[in-house]
2 protein chains.
Amino acid sequence: MKLVVIGGDAAGMSAASQARKRMGTGELEIVAFERGRFTSYSACGIPYWIGGVVPGLDPLIARRPEAFREAGIDVRTRHEVVAIDLRRREVTARDLEGGGELREGFDQLVYAAGAVPVTPDWARVDAGGVFGVQTLDDGAAVQAWLDRDPAPRRAVVIGGGYVGVEMAEAMVRRGLDVTLLERSPQPMSTVDEDMGERVGKAIRGLGIEVRTRTPVRGLETLDGRVSAVVTPDGALPADIVVLGLGVRPNTALAAESGIPLGVTGGIRTDLRMRVVGPQGHVDGIWAAGDCVQTVHRVSGRPVHVPLGTHANKQGRVAGINIGGGYATFPGVIGTAVTKVCDLEVARTGLTESEAAQAGFEYVTAAVESTNRAGYYPGAVPMVIKMIAERRTGVLLGAQIVGREEAGKRIDALAIAIWNRMPVEEMTALDLSYAPPFSPVWDPVLIAARKATEAVHAAG
Amino acid sequence: MKLVVIGGDAAGMSAASQARKRMGTGELEIVAFERGRFTSYSACGIPYWIGGVVPGLDPLIARRPEAFREAGIDVRTRHEVVAIDLRRREVTARDLEGGGELREGFDQLVYAAGAVPVTPDWARVDAGGVFGVQTLDDGAAVQAWLDRDPAPRRAVVIGGGYVGVEMAEAMVRRGLDVTLLERSPQPMSTVDEDMGERVGKAIRGLGIEVRTRTPVRGLETLDGRVSAVVTPDGALPADIVVLGLGVRPNTALAAESGIPLGVTGGIRTDLRMRVVGPQGHVDGIWAAGDCVQTVHRVSGRPVHVPLGTHANKQGRVAGINIGGGYATFPGVIGTAVTKVCDLEVARTGLTESEAAQAGFEYVTAAVESTNRAGYYPGAVPMVIKMIAERRTGVLLGAQIVGREEAGKRIDALAIAIWNRMPVEEMTALDLSYAPPFSPVWDPVLIAARKATEAVHAAG
């Protein structure tokens, strides 16, 4: 039997590894095509590499092609799959170095082509200095541009989401003057406005100029390089422009070959990561990672959430099933965390606007507490916000903004949401307490109490 | 209506405050008797005060008697209740300063007398320098002893539980030579032996001499002061001895007055914290805090878990119910956390021996991972152990030993246990990920995967 994998990053290589673990080389041949030079790397680590927090590119690579080859997985880097023939069960791949094309038949196919940065028409200029940050190769290109002589001095980052904010901080660390442009009223619009305000303040505290409600009209170029970003308020000089406008599923090839896409543009799969078409799942065709659509367990809606943690899990699930085991990926609840300087920002479940869109009536409660007992050295403020359904009081979403030891607490709230806990039951939770770790009333408990009162008050 | 509260710390004063919040002074008179000088303080903070981590006693006091009095709660410190007449609904209190006795009638009574240190016969010597560490007054006595001239040089701490270990570290910080004596094979026997070994190593790393499997035979005294601790291996010179042998519910007065005790020696209550007798709950008699027995939600067994976090919750629940509201305390799951130097130790649910005692067949899985992505600066090792029921795979217990950002992660596992999650479902949890916060496979997910494999293997 032969398994072909399209895409050699988290999802694809997790699938390949799990299938290999369960079936020997005599039973299953595995060929993986990867467009870039690297396999299984941490794209999330790129801003830290560029900012000099992580020394070099090597640490970001979890597993190199040679390691996979030794494990009996035939990885072909710099090979782009350009066609899939589902009827003949065959892919066509182009050798990006040599230029030739080859065909490879398959019994099982894993489509794990990832995502591509959203690139508006105005960003498609024929000039250097404009970058998306999606792959290690992208990261290497940014590094090379920053190392030019004379070095770029002014950076404009477009888009204030996770990648935008992280890249803006990285550029500051590299000594550049940084402007962050965001179309909405605040950066980090993945959290509610009241929480995002705190993030905006922290970003400005880094010396980053933040311009909100500022759409981009276009880019100016000079001598083949970007020179400015045009906004309604005028042109901002820029020696480097980073696009942080989000990503979309990389599904052009899938769509061409007849693999159906969902409403989010991602590939639809069942719980076992089998591609789903109008007549149910398609035998032997799997998809995983940033190219798939999944379900939000709180709203019940289809969503596209490109994150390494989901890609790894989905790839693993596909691989276990291909190898004859049983595993499922039951969806996501929108958990995310990041750090801006020493500010930690985390979310899980639905934000207020997401809850409203899903049709929930809800109440909110935000409390300010501390990460340690107030009297214990190093105690710093932390805000926890909860969003609970009206009447049932079921926790729908939570957000945390704090400093050290704040962000990772979101996991406790994520597990509460996963289990559909009412906030009133949460007031009784047996959470850990000792003065170096929390006040005697843990911030989660205080927030649950306040949210319970809000549920009662709303009736 | 009149409410009398016995005990002015976390449980008693939480009850009083909640009742007051719901009923004005015209509706409800509240009298609270407290043996000591302080109200609502953090006993858990005492080791940090003694160790000089927290400057002075003041920060440990959450709310002083005067503040309660201003809020319409008649707090009488240095008053010990010496008799309760349930038939007449009246208590007798002794003024520990003036010496007189007074009687106070009540309609509602909250018994919140806390716990008392376990003090074996050999520890009842008529000599200075031997201390339990249960109240702020105890802490003040230790401070005074350490401040003597000449200052004590050699400390022996008896008992390697939370208080023993924390006090041993505090004594090291004060510059004393410290020996920790523990009867069992390892200190911190609240975690399994494989995890406790790591704790033992950390304690020794502080320069503390740890003697395990070492029972104490007696104390030697000289000129009215303790001079040595006698063990089977000989006498250990000591200028100060700290007892960390645990506490038992302070229920002598309750028992004398006919309030029935449970099998753990603690007072039995229902979910609303009403005292329960042979004929069901006793009207208007409530109990909360370190003196009550509660239920372990995983084993289903009665347990006595004296912890400030439970005391606060139980007191609050009693107070809400007294005030005409509705609240319940549904039991505990054994969550706890502490810190030894920079080692963080946490547990929740059942340990292996507790699971076996409860009748569970179980599997275990321990994984070593890191608190951050391996390549991110400051990544340090962390071990997570899971105990899951055979067949169902339901998570029964979890333990964490790590360094920074490790201990508080136990809350996520506590909420999983609270919700009876099977470890296989936990492999799909949507936990937060970013390189400064965790590897792309969060340690909890890795542990859940390994525990799932163990469940499958056990059949």
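Every chain is numbered from 1 and lettered A, B, ... according to where its sequence line falls, protein lines coming before strand lines. Side chains included, hydrogens not; waters and symmetry mates left out as well; all remaining heavy atoms used.
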Enquirer: Of the backbone (N, CA, C, O) and the side chain (C-beta and beyond), which part of A:Ile410 lies under 4.5 Å from a heavy atom of chain B, both, or neither?
Expert: side chain

Enquirer: Just so I know, are the side chains of A:Arg297 and B:Asp430 near enough to count as touching, which here means a heavy-atom distance under 4.5 Å?
Expert: no

Enquirer: When rounded to the nearest 0.5 angstrom, what is the spacing between SG in A:Cys44 and CZ in B:Phe437?
Expert: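 Reported to 0.5 Å precision, the distance equals 12.5 Å.
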
Enquirer: Determine the sole option in A:Thr348, A:Thr309, A:Asp411 for which the side-chain contact (heavy atoms from CB on, under 4.5 Å) test with B:Leu431 is passed.
Expert: A:Asp411

Enquirer: Under 4.5 Å heavy-atom distance to chain B, tell me which part of A:Thr452 shows up: side chain, backbone, both or neither.
Expert: neither

Enquirer: Below 4.5 Å from any heavy atom of chain A, which atoms of B:Leu307 appear? Answer side chain, backbone, both or neither.
Expert: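 For B:Leu307, no heavy atom lies under 4.5 Å from chain A.
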
Enquirer: Rounded to the nearest 0.5 Å, what separates atom CZ in A:Arg409 from atom NZ in B:Lys408?
Expert: 5.5 Å

Enquirer: Using side-chain contact (heavy atoms from CB on, under 4.5 Å) as the criterion, list what pairs up with B:Ala10, not counting sequence neighbours.
Expert: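 Per chain and number, B:Ala10 pairs via side-chain contact (heavy atoms from CB on, under 4.5 Å) with B:Ala311, B:Asn312.
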
Enquirer: Can you measure from OG (B:Ser42) to OH (A:Tyr376) and round to the nearest 0.5 angstrom?
Expert: 11.5 Å

Enquirer: Where does A:Ala428 contact chain B at under 4.5 Å (heavy atoms): side chain, backbone, both or neither?
Expert: both

Enquirer: Non-hydrogen atoms of chain B under 4.5 Å away: do they reach the side chain of A:Arg420, the backbone, both or neither?
Expert: neither

Enquirer: What part of B:Ala373 gets within 4.5 angstrom of chain A, counting heavy atoms only: side chain, backbone, both, or neither?
Expert: neither

Enquirer: For each of B:Val444, B:Val440, B:Leu445, tally heavy-atom pairs with chain A at distances under 4.5 Å, and name the one with the top tally.
Expert: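 Winner by heavy-atom pair count: B:Val440.
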
Enquirer: Do A:Leu429 and B:Ile333 have side chains that get closer than 4.5 Å, going by heavy atoms?
Expert: no

Enquirer: Please state whether the side chain, the backbone, both or neither of A:Arg347 comes within less than 4.5 Å of a heavy atom of chain B.
Expert: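 A:Arg347 has no heavy atom closer than 4.5 Å to chain B.
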
Enquirer: Check whether B:Asp442 gets within reach of chain A through its side chain, its backbone, both or neither, counting any heavy atom under 4.5 Å.
Expert: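 Looking at B:Asp442, just its side chain touches chain A.
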
Enquirer: Against chain B, label A:Glu424 side chain, backbone, both or neither, depending on which of its atoms sit under 4.5 Å from a heavy atom there.
Expert: side chain

Enquirer: Working to the nearest 0.5 Å, report the span between CD of B:Glu404 and CD of A:Glu404.
Expert: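 It is 8.5 Å, given to the nearest 0.5 Å.
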
Enquirer: Do A:Met421 and B:Asn419 come close enough that some side-chain heavy atom pair is under 4.5 Å?
Expert: yes

Enquirer: Quick check: under 4.5 Å, non-hydrogen atoms only, which of residues 46-57 of chain B neighbour chain A?
Expert: B:Tyr48, B:Val53, B:Val54

Enquirer: Please flag which part of B:Thr338 lies under 4.5 Å from any non-hydrogen atom of chain A: side chain, backbone, both or neither.
Expert: backbone

